[in-house]
Amino acid sequence: MKPLIALLLCAPLLAACTTTAQSLQPIPGSITYRGQPEMKLTQSPPGTRLPHHFTNQWGEDVYETYIIQPDHSLKLVSRQVMTRPL
């Protein structure tokens with residue numbers, strides 16, 4: 001009986017646990033900004049990390065990291081924006 005009561009007390013708490021992490025969205029300059037690139041990276045194995053560096057419209061250096069997916073599409077996994085000192 002006690003395990004049933006414990007389960008009934010914990011069930012609402014577990015149901016409230018949800019992840020709200022949103023994936024990064026491409027910005028102008030990102031490889032996947034207008035969708036996946038036409039050319040697939042077929043010679044790179046899935047799981048390979050692909051770095052990308054560009055300058056955004058405000059002159060900041062942007063460093064992005066992509067991971068090649070099993071279907072050889074690219075998934076944006078991290079972005080760092082570096083502002084230049086004045």
Side-chain angles (χ1 to χ4, degrees):
M1 187 68 172
K2 288 184 181 179
L4 179 61
I5 292 172
L7 177 66
L8 291 174
L9 291 175
C10 291
L13 295 174
L14 291 174
C17 293
T18 58
T19 58
T20 58
Q22 296 179 349
S23 62
L24 288 173
Q25 298 300 315
I27 59 174
S30 297
I31 296 173
T32 57
Y33 178 62
R34 298 197 190 272
Q36 291 292 325
E38 295 278 325
M39 182 175 36
K40 297 281 185 179
L41 300 169
T42 57
Q43 297 195 0
S44 298
T48 302
R49 290 184 169 268
L50 177 72
H52 177 59
H53 170 251
F54 62 96
T55 304
N56 67 11
Q57 62 266 34
W58 298 288
E60 300 167 322
D61 288 326
V62 180
Y63 297 92
E64 293 182 332
T65 302
Y66 294 84
I67 292 183
I68 299 176
Q69 300 299 295
D71 65 350
H72 295 283
S73 62
L74 296 174
K75 178 180 179 183
L76 178 59
V77 293
S78 73
R79 176 183 299 130
Q80 293 181 338
V81 178
M82 307 294 195
T83 57
R84 293 185 178 153
L86 297 175

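- Among residues two or more places apart in sequence or in another chain, the side-chain contact (heavy atoms from CB on, under 4.5 Å) test is passed with P45 by T48.
- When the side-chain contact (heavy atoms from CB on, under 4.5 Å) test is applied to L50, the partners found at least two apart in sequence or on another chain are I31, L41, Y66, L74.
- M82 pairs by the side-chain contact (heavy atoms from CB on, under 4.5 Å) definition with D61, Y63, Q80, not counting sequence neighbours.
- Annotation for P26 and R79: closest pair CA-NH2, 3.8 Å, computed over non-hydrogen atoms.
- F54 meets the ring-ring contact (aromatic ring centres under 6.0 Å, His included) test with H52; sequence neighbours excluded.
- Proximity of L24 to E64: side-chain heavy atoms (C-beta onward) are nowhere separated by under 4.5 Å.
- A heavy-atom distance below 4.5 Å is found between the side chains of P46 and H72.
- The number of heavy atoms from other shown groups lying within 6.0 Å of CD (Q57) is above 12.
- T32 pairs by the side-chain hydrogen bond (donor to acceptor under 3.5 Å, both in side chains) definition with nothing, not counting sequence neighbours.
- Residues forming a side-chain contact (heavy atoms from CB on, under 4.5 Å) with R49 (at least two apart in sequence, or on another chain): T65, I67, V77.
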